[in-house]
Amino acid sequence: MHVLILGGTSEARALAERLHGTDGGTVRVTSSLAGRVAAPRLPAGEVRIGGFGGVDGLVAWVREHHVDAVIDATHPFAETISFNAAGAAATAHVPLLALRRPGWVPEAGDDWHPVGSLAEAARALDGLGDRVFLTTGRMGLAAFADCPQWFLVRSVDPPEPPMPARTEVLLDRGPFTLDGEREVLRSHRIDVLVTKDSGGAATAPKLRAARESGVPVVVVRRPPVPEGVETAAAVTEAAAWVRGRAEA
């Protein structure tokens, strides 16, 4: 059985590790990475890097490489590839599972300001603070380019303009610790945090650190997802889904 994992997340790597070499080698795993990170953490098994060229390109790849099942384990904000995966799976007549980590839920003491986009997040900053910890990645900084606030931008790779005029870049890769996030807020005198609702534990400590410090958080809501796609919330569920089809 050949499984294509559309990856780039910690869950995708964990799933590839769990499936690779299991069941007596009956499951072949290929992970596809978008290629947006210069030095990605490579998962177990076979790896391809780069886009497919839309739905038609993904259909062609699935057929050419005799893929038996596709798992969409991409980032919750990778909207395009999720819709392409749904369209390609339907066209190629292969089963599709979306491995989607649950979103974050506000707790007592949180001061969250939900918005629908990065542009809305930029507008929401007025009146919230002057020193912004921007943790939405290096893509999309143009939405904040005209903001007068000072920004600490954290990303894996160096961002490119356009970006805010007053910007300091912090190159780092999760998972992040609570003590580390507390220190970032303290040392940079952060008074507002901007994040996407990525979910998961790897980047969640910043939310607790903000709660403890009384720092407001602008949270970008997740984009819509394809309807009618079977989903799993955990790696164990996704692995069981694959095993069930391998044994069928």
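Numbering of residues begins at 1 and proceeds along the displayed sequence. Just so you know, these numbers use all the heavy atoms, side chains as well, and skip hydrogens, waters and symmetry mates.
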**Q** If you take all heavy atoms of Ala124 and Val115, which pair is closest and at what distance?
**A**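 Closest approach of Ala124 to Val115, heavy atoms only: CB-CG1, 4.1 Å.
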**Q** Just verifying a value: how many Å separate Leu118 CG and Thr136 OG1, rounded to the nearest 0.5 Å?
**A**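 It is 5.0 Å, given to the nearest 0.5 Å.
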**Q** From Asp191 CG over to Ser213 OG, what is the distance, rounded to the nearest 0.5 angstrom?
**A**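 The distance works out to 11.0 Å.
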**Q** For residues Pro102 and Ala233, report the shortest heavy-atom separation together with the two atoms involved.
**A**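 So the two residues come closest at CD-O, 3.9 Å.
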**Q** Is it the case that over 12 heavy atoms from other parts of the model lie below 6.0 angstrom from the CG atom of Asp56?
**A**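 12 or below, so no.
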**Q** Within the 4.5 Å heavy-atom criterion, are Ser32 and Ile5 side-chain neighbours or not?
**A**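 Answer no - side chains too far apart.
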**Q** Should Ser198 and His75 count as side-chain neighbours, where that means a heavy-atom distance under 4.5 Å?
**A**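 A side-chain contact exists here, since the closest heavy-atom pair is under 4.5 Å.
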**Q** Taking all non-hydrogen atoms of both residues into account, name the closest pair between Ala85 and Leu6 and its distance.
**A**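 Scanning both residues, the minimum pair turns out to be CB-CD1, 3.6 Å.
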**Q** Under a 4.5 Å side-chain heavy-atom rule over Ile, Leu, Val, Met, Phe, Trp and Tyr, are Trp241 and Leu99 clustered together?
**A**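 In one cluster: yes.
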**Q** Out of curiosity, Arg211 CZ to Leu193 CG, how far, rounded to the nearest 0.5 Å?
**A**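 With rounding to 0.5 Å, CZ (Arg211) is 11.5 Å from CG (Leu193).
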**Q** Do Pro158 and Leu171 touch side chain to side chain, with heavy atoms closer than 4.5 Å?
**A**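 With C-beta onward as the side chain, the pair touches.
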**Q** Do Glu17 and Arg13 sit within salt-bridge range, that is, some charged N less than 4.0 Å from a carboxylate O?
**A**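 Salt bridge absent between Glu17 and Arg13.
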**Q** Mind checking whether Met163 and Arg138 have side chains closer than 4.5 Å, heavy atoms only?
**A**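 They are not in side-chain contact.
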**Q** Looking at Ile190, Thr167, Leu134, Thr135, which one forms a side-chain contact (heavy atoms from CB on, under 4.5 Å) with Leu152?
**A**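 Of the listed residues Ile190, Thr167, Leu134, Thr135, the side-chain contact (heavy atoms from CB on, under 4.5 Å) partner of Leu152 is Ile190.
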**Q** Start with the C-alpha distance between Leu207 and Thr195, add both sets of side-chain angles, then the distance that settles side chain to side chain contact (heavy atoms under 4.5 Å, CB included), and finish with yes or no.
**A** CA-CA 9 Å; Leu207 300 175; Thr195 184; 4.2 Å; yes
**Q** Answer yes if Val242 and Val70 sit in the same cluster of Ile, Leu, Val, Met, Phe, Trp and Tyr residues linked by side chain heavy atoms under 4.5 Å apart, and no otherwise.
**A**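 No, separate clusters.
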**Q** Work out which heavy atom in Pro162 is nearest to a heavy atom in Ala145; give both atom names and the distance.
**A**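 Of all heavy-atom pairs spanning Pro162 and Ala145, the closest is CB-CB, 4.2 Å.
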**Q** Before you tell me yes or no, could you show the steps for Val220 and Phe77 under side chain to side chain contact (heavy atoms under 4.5 Å, CB included), namely the whole-Å CA-CA distance, both residues' side-chain angles and the distance that decides it to 0.1 Å?
**A** CA-CA 10 Å; Val220 182; Phe77 283 80; 4.0 Å; yes
**Q** Answer yes or no: is there an ion pair linking Arg221 with Asp197, defined by an N-O contact shorter than 4.0 Å?
**A**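 Between Asp197 and Arg221 there is no salt bridge, as every charged N stays at least 4.0 Å from the carboxylate O atoms.
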**Q** Quick one, Val192 with Gln149, criterion side chain to side chain contact (heavy atoms under 4.5 Å, CB included). Give me CA distance, side-chain angles, the key distance, then yes/no.
**A** CA-CA 10 Å; Val192 60; Gln149 291 87 354; over 6 Å; no
**Q** Would you kindly confirm whether Leu141 and Val132 end up in one hydrophobic cluster when ILVMFWY residues are joined by side chain heavy atoms under 4.5 Å apart?
**A**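 Yes, Leu141 and Val132 fall within the same hydrophobic cluster.
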**Q** Minimum heavy-atom separation for Ala239 and Arg18, please, with both atom names.
**A**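 Nearest pair, atom of Ala239 first, then Arg18: CB-CD, 3.2 Å.
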**Q** Does CD in Glu160 sit with more than 12 non-hydrogen atoms of other residues, nucleotides or ligands closer than 6.0 Å?
**A**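 No, because the 6.0 Å sphere around CD of Glu160 holds 12 heavy atoms or fewer from other groups.
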**Q** Treat each ILVMFWY residue as a node, draw an edge where side-chain heavy atoms are under 4.5 Å apart, and state whether Leu15 and Val29 are in one component.
**A**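 Yes; Val29 is reachable from Leu15 via cluster members.
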**Q** Identify the two heavy atoms, one from Arg28 and one from His65, that lie closest to each other, and give their separation to 0.1 Å.
**A**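 Shortest heavy-atom contact: NH1-O, 4.2 Å.
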**Q** Is the backbone of Pro148 close enough, under 3.5 Å, to the side chain of Arg166 for a donor and an acceptor to pair up by distance?
**A**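 Present.
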**Q** When you group the ILVMFWY residues by side-chain heavy-atom contacts below 4.5 Å and let the links chain together, are Leu97 and Val225 in the same group?
**A**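 Hydrophobic grouping puts Val225 apart from Leu97.
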**Q** Out of the candidates Leu125, Val217, Val194, Leu128, only one should pair with His113 under the side-chain contact (heavy atoms from CB on, under 4.5 Å) rule; please name it.
**A**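 Considering Leu125, Val217, Val194, Leu128, a side-chain contact (heavy atoms from CB on, under 4.5 Å) with His113 is found only for Leu128.
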**Q** Which distance, rounded to the nearest 0.5 Å, do you find between the CG of Leu4 and the CD of Glu46?
**A**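 Those atoms lie 10.5 Å apart.
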**Q** In the structure I gave you, are the side-chain heavy atoms of Asp72 and Val229 within less than 4.5 Å of one another anywhere?
**A**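 Not touching, per the 4.5 Å side-chain cut-off.
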**Q** Nearest 0.5 Å please: distance from the OG1 atom of Thr91 over to the CG atom of Leu58.
**A**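 Separation between the atoms: 9.5 Å.
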**Q** Check the angle between the aromatic planes of Phe52 and Trp61 and answer parallel, tilted or perpendicular using the 30° and 60° thresholds.
**A**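 Phe52 vs Trp61 ring planes: perpendicular.
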**Q** Evaluate Thr203 against Trp104 for side chain to side chain contact (heavy atoms under 4.5 Å, CB included), listing each step before the verdict.
**A** CA-CA 11 Å; Thr203 59; Trp104 290 318; 3.4 Å; yes
**Q** Can you tell me how far the CZ atom of Arg189 sits from the CG atom of Asp130, to the nearest 0.5 Å?
**A**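 Answer for the CZ-CG pair, Arg189 versus Asp130, is 10.5 Å.
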**Q** Are Arg154 and Glu181 ion-paired here, with the side-chain N under 4.0 Å from a carboxylate O?
**A**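 Glu181 and Arg154: salt-bridged.
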**Q** Please list, chain by chain and in numerical order, all residues satisfying side-chain contact (heavy atoms from CB on, under 4.5 Å) with Val156, sequence neighbours excluded.
**A**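 With neighbours one apart ignored, the set is Val37, Arg173.
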